[in-house]
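Beneath this line is the structure, given in structure tokens, with notes to follow.
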Amino acid sequence: MTKNIEPTLSKIGDYLKLDNNTIFTIPEYQRPYSWEIGHCDKLWQDIIDFIDSNSNQRYFFGTIIINCQEDDSIYGLIDGQQRTTTFLLLLKALLVRINVAIGTTGQDEESANLCRGLKERRRKIMGILYKTETEYIPDKSEIEADRKICNNGVILKNYSINELYKTELQAILSSVDYVEAEAKVIKIPRKQKDNKYTNFFRNFKFFYEKATELSDSQLNSFAKTLTDSCEVIEIKSWKVEQAINMFNSLNSDGLPLYDADIISAKLYAVAENNNVGEDFTKLWKEMIELINELKQKGIANIDTILMQQMYYERAKNKEHEIVSEAGNVNVTTPGLRRYFTEINSDLLKEPIELCSQMINLARIWEKVSDYPIMQILLKFNDNAKLFMASYFHRFKAEEISEENIKCIAVCLLRLFTVLELVDIGYSSNAFKTFLFGEIVKLADSDVPVQLIKDDFDKHISKKWSKEELKKYVIEYDKNILVYLHEYLVAKENNLNFMLGAKYDIEHIMPISGANLDEIRKDAQIDSKEEFENTVNKLGNKILLEEKINRAIGNEWFRTKVSTKLSAKTGYIDSCYPLARTLVSIYQNKNKPYWCKNDIEQATNTAGDRIVNFIFDI
């Protein structure tokens with residue numbers, strides 16, 4: 001017989017106190033633990049403010065939705081896993097600090113009362129975290145006895161296919177003190193300082209350090225308030241679909257729930273019903289690991305990959321075709337959740353196929369992100385990725401090469417260069433409407449690349465003139481086109497081009513510094529206003545390695561082009577084409593100057609290069 005939904009208002013201490021045969025679980029489709037220091041700081045401060053208010057009421061921490069399974073021995077956290085995990089980390093941090101406080105409390109009568117309170121807090125917290133009866137918990141921390149208790153089972157198991165650090169919470173909870181926890185937790189390779197730790201340990205460390213700032217009396221009050229005066233509403237359901245529907249419904253009221261969470265939950269449910277849950281779990285985990293790498297590079301996250309998949313599916317189904325005799329193109333874009341769960345819900349019926357396609361897309365992004373042309377395109381408008389991704393679906397990741405994506409990448413770069421220059425936005429007919437008309441062709445492997453290129457050529461020539469765009473380049477005072485200019489100079493001179501990891505936009509004529517007035521006079525610029533209009537022109541900007549740029553500071557031009565890095569300054573050690581060009585022209589000249597005329601000439605030359613690139617001349 002199916003049980004009814006049971007909402008219960010519970011103290012946090014009661015909510016977290018499980019029977020010996022009961023455990024919290026985080027289901028396979030849930031998001032990873034993502035709370036950061038900011039969330040923890042707010043939680044901490046909320047409790048401190050509540051204590052300071054001397055309120056007789058209780059503090060409410062929201063609703064928890066639980067899917068009860070296997071005779072109520074498994075509590076699947078449908079909504080509330082972030083808070084529940086954080087409560088456990090907070091309790092552990094308080095316990096570690098209480099253990100120290102008990103050993104250092106004085107022996108007078110007042111201190112004895114406080115010590116009894118701290119011992120009660122210790123027993124209660126250990127009873128929660130380790131499901132241990134209080135009579136088996138010593139009054140004071142004893143390393144071996146505590147270690148035995150700390151390894152007395154598990155309160156929460158994480159099965160999320162999105163979580164890369166499933167063992168981290170248990171590593172912290174099973175440690176007897178802070179030092180042991182720090183030694184046991186995962187250290188992320190190539191990260192520095194606190195960034196090498198996961199969110200689990202960073203948040204535990206935050207709570208531990210905040211707890212050390214409290215007096216023993218404040219510590220006792222804080223711990224008692226958390227377990228006895230803070231509450232949640234537990235909503236227990238015995239049907240996973242029912243629980244997920246409540247989860248979705250709560251999100252419409254503004255609780256933080258991502259489209260990817262809903263989509264992955266439904267995919268997992270279908271996979272389980274099709275008896276391919278294990279296969280799907282492996283694929284989803286592989287995809288999340290790939291996407292996390294892309295996220296580190298600033299290329300994509302799970303939502304952007306889903307968005308790119310949606311754009312491809314809509315292009316494949318020709319949802320962007322002309323919809324009226326007037327030649328209008330359908331440029332409306334539904335939300336991710338609505339598209340995958342309502343408009344094209346059939347996609348969710350094939351979780352393995354959908355996940356495999358997105359893995360292939362992520363692998364392609366991982367590969368192409370190192371291609372010079374893609375490094376430049378990725379500096380421009382993010383919408384370019386949506387159309388590039390639809391074209392990627394023509395290929396398997398192992399087939400992809402710079403040669404077979406270069407033409408389309410260049411076409412998109414040409415158009416988005418125009419967007420960077422002109423005064424109209426992406427949503428205009430000249431950009432979004434045109435691209436939505438082309439995306440059907442980009443996704444269709446039967447459409448020749450040359451036909452798509454011809455469309456771009458005709459569109460650009462019809463909409464803009466060379467003279468108009470050249471004028472915009474001359475007036476341009478931002479930075480994005482610096483990257484394109486460097487790439488074009490490298491191509492023109494058959495030089496290798498890679499952006500590298502650390503670089504700056506360098507002003508050849510410095511934009512600031514102690515010698516500015518003298519530099520301005522040498523540059524034959526009369527007024528500060530004229531200087532400001534000149535110094536930010538495209539011809540005065542180049543790319544430069546960060547270490548070189550930091551070394552040369554605001555040196556004179558003749559110093560920049562003639563001195564090696566070993567002497568702490570110089571363009572001569574740069575790998576970027578424009579810096580190398582300046583060195584080749586000016587290095588051996590006697591006291592070379594970089595003047596207003598040089599900037600204007602360099603800007604004019606850059607304008608010709610960029611306009612010729614836009615019009616494919």
Side-chain angles (χ1 to χ4, degrees), residues 368-385 387-388 391 402-424 426 428 430-431 434-435 438 442 449-499 503 505 536-543 575-582 599-617:
V368 305
S369 62
D370 291 328
Y371 298 163
I373 185 63
M374 289 304 300
Q375 288 184 329
I376 300 304
L377 180 59
L378 292 175
K379 286 291 181 184
F380 283 73
N381 192 294
D382 268 357
N383 286 296
K385 297 176 186 176
F387 303 95
M388 200 75 228
Y391 179 69
E402 187 169 10
E403 191 58 36
N404 54 27
I405 64 102
K406 189 172 183 178
C407 182
I408 297 301
V410 167
C411 286
L412 287 167
L413 181 55
R414 289 164 57 201
L415 188 63
F416 279 94
T417 299
V418 177
L419 178 61
E420 177 69 13
L421 285 169
V422 297
D423 233 0
I424 55 178
Y426 166 73
S428 72
F431 298 104
F434 168 74
L435 287 168
E438 287 298 302
L442 287 166
V449 168
Q450 185 59 48
L451 179 61
I452 298 171
K453 180 183 180 299
D454 290 344
D455 288 347
F456 275 82
D457 291 346
K458 291 173 187 174
H459 178 70
I460 290 171
S461 296
K462 180 181 177 181
K463 289 288 183 181
W464 298 282
S465 71
K466 298 172 192 174
E467 294 75 16
E468 175 190 12
L469 294 184
K470 173 73 176 291
K471 177 186 174 187
Y472 289 142
V473 177
I474 299 300
E475 295 171 350
Y476 185 80
D477 60 0
K478 293 177 283 188
N479 290 334
I480 295 297
L481 291 188
V482 178
Y483 300 99
L484 174 62
H485 190 215
E486 290 276 1
Y487 172 78
L488 294 177
V489 171
K491 183 181 174 187
E492 189 178 292
N493 293 282
N494 295 314
L495 300 172
N496 291 326
F497 177 83
M498 291 293 288
L499 268 180
Y503 51 83
I505 301 289
N536 276 312
K537 286 185 178 294
L538 187 58
N540 192 49
K541 295 175 183 176
I542 62 173
L543 288 178
C575 293
Y576 290 112
L578 283 169
R580 292 169 64 180
T581 300
L582 288 168
I599 294 173
E600 290 176 347
Q601 184 178 342
T603 302
N604 188 65
T605 302
D608 288 336
R609 278 195 189 100
I610 290 169
V611 168
N612 288 342
F613 170 73
I614 291 170
F615 288 92
D616 193 31
I617 297 173

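Annotation: side chain of Y391 is not in contact with side chain of L412 (no heavy-atom distance under 4.5 Å). In this structure, Y476 and K478 have side chains that are in contact, with non-hydrogen atoms separated by less than 4.5 Å.
A distance of 11.5 Å separates CG in L499 from OG in S369, rounded to the nearest 0.5 Å. To the nearest 0.5 Å, atoms CD (E420) and CG (N479) are separated by 9.5 Å. In this structure, CZ on F387 lies 11.5 Å from CG on L377, to the nearest 0.5 angstrom. Atoms CG and CG, from N383 and L435 in turn, are 8.5 Å apart once rounded to the nearest 0.5 Å. For the atom pair CG (D477) and OG1 (T603), the distance works out to 11.0 Å, reported to the nearest 0.5 Å. Atom CD1 of I610 sits about 6.5 Å away from atom CG of L488, to the nearest 0.5 Å.
Residues satisfying the ring-ring contact (aromatic ring centres under 6.0 Å, His included) criterion with F380, sequence neighbours excluded, are absent altogether. Under the salt bridge (charged side-chain N to carboxylate O under 4.0 Å, His left out) criterion, D457 pairs with R414, K453, sequence neighbours left out. Remark: K379 pairs with no residue by the salt bridge (charged side-chain N to carboxylate O under 4.0 Å, His left out) rule, at least two apart or across chains. Under the ring-ring contact (aromatic ring centres under 6.0 Å, His included) criterion, Y371 pairs with no residue, sequence neighbours left out. Every residue two or more places apart in sequence or in another chain that forms a salt bridge (charged side-chain N to carboxylate O under 4.0 Å, His left out) with K385 is listed here: D382.
Here the side chain of K466 pairs no donor or acceptor atom with the backbone of I614 at under 3.5 angstrom. In terms of modelled atom types and a separation under 3.5 Å, the side chain of N604 and the main chain of E600 share no donor-acceptor contact. N540 places no side-chain N or O within 3.5 Å of a backbone atom of N536 that could act as its donor or acceptor partner. Here the side chain of S428 pairs no donor or acceptor atom with the backbone of I424 at under 3.5 angstrom. K406 places no side-chain N or O within donor-acceptor distance of the main-chain N or O of M374, the cut-off being under 3.5 Å.
Note on ring orientation: taking the six-membered ring where Trp is involved, the planes of H459 and F434 are parallel (angle under 30°, cut-offs 30° and 60°).
Within the structure, salt bridge (charged side-chain N to carboxylate O under 4.0 Å, His left out) pairs that include any residue of residues 481-497 comprise E492-R609 (at least two apart or interchain).
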